[in-house]
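One structure below.
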2 protein chains.
Amino acid sequence: MADIDDRTLDPTRKGEPRGPDARRHVRTLADLARLAGVSAGTVSRALAGKTLVNVETRDRIQALARHHGFKPNQMASKLRTGRTGVIGVVIPLGQDRRGQISDPLFLRLLGHLADELAECGYDIMLSRAAPDGTADWLERISGSGMVDGIIVIGQSDQADVIEQVAHAYRPLVVWGQGRSGQTQCTVGTDNELGGRIAVEHLLASGARHLAFLGQTGAIEAAARYRGAAAAAQSAGAPFVHLPVDPAGEAMGPQIDRALAAADLPIEGIVAASDLVAMAALRILHERGRAVPGDVRIVGFDDLPFAAQTTPPLTTIRQEIAQGARALVERLKARIEGQPTRSLAMPPRIVVRQSTRS
Amino acid sequence: MADIDDRTLDPTRKGEPRGPDARRHVRTLADLARLAGVSAGTVSRALAGKTLVNVETRDRIQALARHHGFKPNQMASKLRTGRTGVIGVVIPLGQDRRGQISDPLFLRLLGHLADELAECGYDIMLSRAAPDGTADWLERISGSGMVDGIIVIGQSDQADVIEQVAHAYRPLVVWGQGRSGQTQCTVGTDNELGGRIAVEHLLASGARHLAFLGQTGAIEAAARYRGAAAAAQSAGAPFVHLPVDPAGEAMGPQIDRALAAADLPIEGIVAASDLVAMAALRILHERGRAVPGDVRIVGFDDLPFAAQTTPPLTTIRQEIAQGARALVERLKARIEGQPTRSLAMPPRIVVRQSTRS
DNA sequence: CTTTCTCGTGCGGTGATCAGG
DNA sequence: CCCTGATCACCGCACGAGAAA
């Protein structure tokens, strides 16, 4: 044993002339094992905190590892154990494939997911996927052993592809709109109910001629529109759809035109998102139409800036922190083979000045 | 050869009774090799598109792989090659350690990084790190062989820790504020110049009593303040600092108090960020102070919503798409061992209504 | 017989080297 | 000697079996 310890006295000297670049002190378990005078297996167990190794040996090895800044190679560990400790988070770009993740809500959801997953000891592999007509963008991630599970943020126009992959790949959960009869596990806001609540609030506040402002290409926005339209219809209130593109540079003129095109004097607006609502606030202000005096506006999402608009925005809040928690919880369940239920969270209206007379 | 092909006709039959759970058709190179009647090595080369294998053999194997939905295990590949194809993107939480990545600018930068890195074939490992006083949050990522390089978004209060790690770990680039004599490679906006430009614009627009609105705890904000203060001083203009916390729930009252506390009638405001500027717009509107009539406001960042405030916000634009490109380009250079230079991008003022009389 | 540690094997793919035509 | 494909060792770690105390 003494002769082995001798080596540790001069770690700069290479043991054998074979190593062409063996300057780095400790790169593998074996290196550390040599220094500690034990075997690699023992070091492995010691660093993992297993009980099969003497406490003082373990502490000694851990101290040695810390001193040399040694971290076991994760790739080898992952390969050996078959567990990666990584969750893939994928954002399909879909229709708005300008290459940039645009929806600020998704980015905030991502932030919350980072919190939740870090909490459970998972790392995040982030992919922004540009669907190419096949399911490859998803299978590339699910099939290559890089992750233990996948969270898809937003279905975009890929709900069918996701559904197909979900049949074969269990540890998969999706933020988005649930549909009856689906295999995939979705978590999201009840957008239809959100639209309904918005309209009912507008009606209660005295507005009668209503409009839905924003595109309905995204499945979530379509649901919001449906809910809003249904609520207006059952109240017998006039209701029009003014599609504007929040991605376009010139949302201002678009909204301008949309409002001008409406042949009714609009008294209440349900916006597809907070950003659209904010643009509407600005346009109306510039046109001399008072909010909430002449027109009332309800946004959607309750992003942080919604409280800072002029006037502050009444909006349908999506509980994304709670959603992130639900996503991770369900994913963990699925990883362990348990069945899960989809979740449509009830939205809550946050009333601020934009609808308060 | 014919007898070997026979095997491929009935892939459901297990070759040997040994596999206890061999239902999955093709899980390894060896499986596919058996089906194709070649060796595992050949399959590996065929799938990698190497030229050392006959073209028709290669196509046959590729077709077979596609048909069985086979994807080679990435962990094994990464381990063997020593190349992970993954870049770690880390966001230190630092002072605002409420557990949530709060700065919307960082999230947008992340989006652009996702684009750039995907372009180069890199995957992203996302970590939100809660610094604990040691350098461990960074070394955990750099030292464990999980990534080929690291991008740190925002130094928070960890510039020293990053600097220390940068000495030993080369493939590391940082979004943030550069300091002279540093080892780390930083890319960021010249915040000091941004502050100066903002003040000069305000002075030119006729405002004379100026204020900087927002906290200066973050190193970037501090630089903006320095630049603004210096510009005001050299012009002999009165200049005060009104610290408000953009994270706090009650930014409104805070701004209220800050403005009331100023013993001068403020005519021009430089805000630490667009979100702060937006809150100021709202407060001033509620207090009946006209923007830009009574007070002019300049924001910082030029986030998308800056164009939609009421009135639209003049702001110092940070070119984050360009910044993301520079970060990735420098990181790639460093991965290949080349030296790199830090970059402080000149900010550009985007003039909108909030300073236009 | 228990505690503590060593040994050998294999996770799955890759590249150098080697064999056959 | 060129072309195609096979062979074998190995990346670094983890786990089961078994040896030493």
Side-chain angles (χ1 to χ4, degrees), chain A residues 1 4 16 18-22 24-62 64-65 68 70-85 143-146 148, chain B residues 1 4 18-22 24-62 65 68 70-85 143-146 148:
Chain A
M1 197 106 130
I4 293 178
E16 299 96 14
R18 301 202 175 161
D21 186 3
R24 289 233 181 285
H25 286 15
V26 205
R27 297 180 29 70
T28 71
L29 282 187
D31 292 343
L32 195 63
R34 216 171 302 125
L35 285 183
V38 298
S39 80
T42 302
V43 175
S44 170
R45 279 177 286 262
L47 293 182
K50 296 270 176 77
T51 54
L52 300 89
V53 53
N54 195 336
V55 193
E56 64 179 12
T57 313
R58 193 190 62 191
D59 291 348
R60 187 166 59 90
I61 293 175
Q62 286 182 346
L64 209 53
H68 287 275
F70 171 76
K71 299 271 193 303
N73 184 303
Q74 292 299 94
M75 288 309 156
S77 174
K78 288 166 200 229
L79 173 59
R80 177 61 231 239
T81 58
R83 197 181 161 283
T84 68
S144 59
M146 289 194 301
D148 291 341
Chain B
M1 197 108 136
I4 292 176
R18 300 201 175 163
D21 187 2
R24 289 234 181 285
H25 287 14
V26 203
R27 298 181 27 71
T28 72
L29 282 188
D31 293 344
L32 195 62
R34 217 172 301 128
L35 286 183
V38 296
S39 79
T42 302
V43 175
S44 169
R45 280 177 287 266
L47 293 182
K50 297 269 175 77
T51 55
L52 300 90
V53 54
N54 196 337
V55 191
E56 63 180 13
T57 314
R58 194 190 60 190
D59 291 347
R60 188 167 58 90
I61 291 175
Q62 286 183 347
H68 287 274
F70 172 76
K71 299 270 195 305
N73 183 303
Q74 291 298 94
M75 288 309 157
S77 173
K78 288 168 204 257
L79 171 60
R80 178 60 231 237
T81 60
R83 198 183 161 282
T84 68
S144 58
M146 289 194 302
D148 291 341

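Lettering follows sequence order; numbering is per chain, from 1.
The CG atom of A:L79 sits 12.5 Å away from atom CD of A:Q74, with the distance rounded to the nearest 0.5 Å. Summarising the geometry, atom CG belonging to A:L32 is positioned 10.5 Å from atom CD belonging to A:Q62; distances are rounded to the nearest 0.5 Å.
In this structure, B:K78 places its NZ atom 17 Å from C1' of D:dC13, rounding to the nearest Å. The NZ atom of B:K71 sits 13 Å away from the P atom of C:dG13 (whole-angstrom rounding). Following rounding to the nearest Å, A:E56 (CD) and C:dC5 (C1') show an atom-to-atom distance of 13 Å. The nearest whole Å value for the distance from the NZ atom in A:K50 to the P atom in D:dA14 is 8 Å.
Taking the side chain as every heavy atom from C-beta outward, B:V38 and B:R45 never approach each other to under 4.5 Å. Within the 4.5 Å cutoff, the side chain of A:H68 has heavy atoms near those of the A:L35 side chain.
Sorted by first and then second residue, the salt bridge (charged side-chain N to carboxylate O under 4.0 Å, His left out) pairs with a member in residues 71-84 of chain A read A:K71-B:D136; sequence neighbours excluded.
Comparing the helix axis at one end of the helix from C:dT2-D:dA21 to C:dG21-D:dC2 with that at the other, each defined from 5 consecutive pairs, gives an inter-axis angle of 60° (nearest 10°).
Residues B:A33 and B:A40 share a closest heavy-atom pair of CB-N, 3.6 Å. Nearest heavy-atom pair, A:I61 versus A:A46, reported as atom, atom and distance to 0.1 Å: CD1-CB, 3.8 Å.
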Inset, instruction - Encode nucleotides 5-12 of chain D as B, S and - characters from 5' to 3', where the letter depends on protein heavy atoms closer than 4.0 Å: B to the base, S only to sugar-phosphate, - to neither. - result: BBB-BBBB

Legend entry - Intermediate values then yes/no, side-chain contact (heavy atoms from CB on, under 4.5 Å), A:L29 and A:F70: CA-CA 9 Å; A:L29 282 187; A:F70 171 76; 3.9 Å; yes

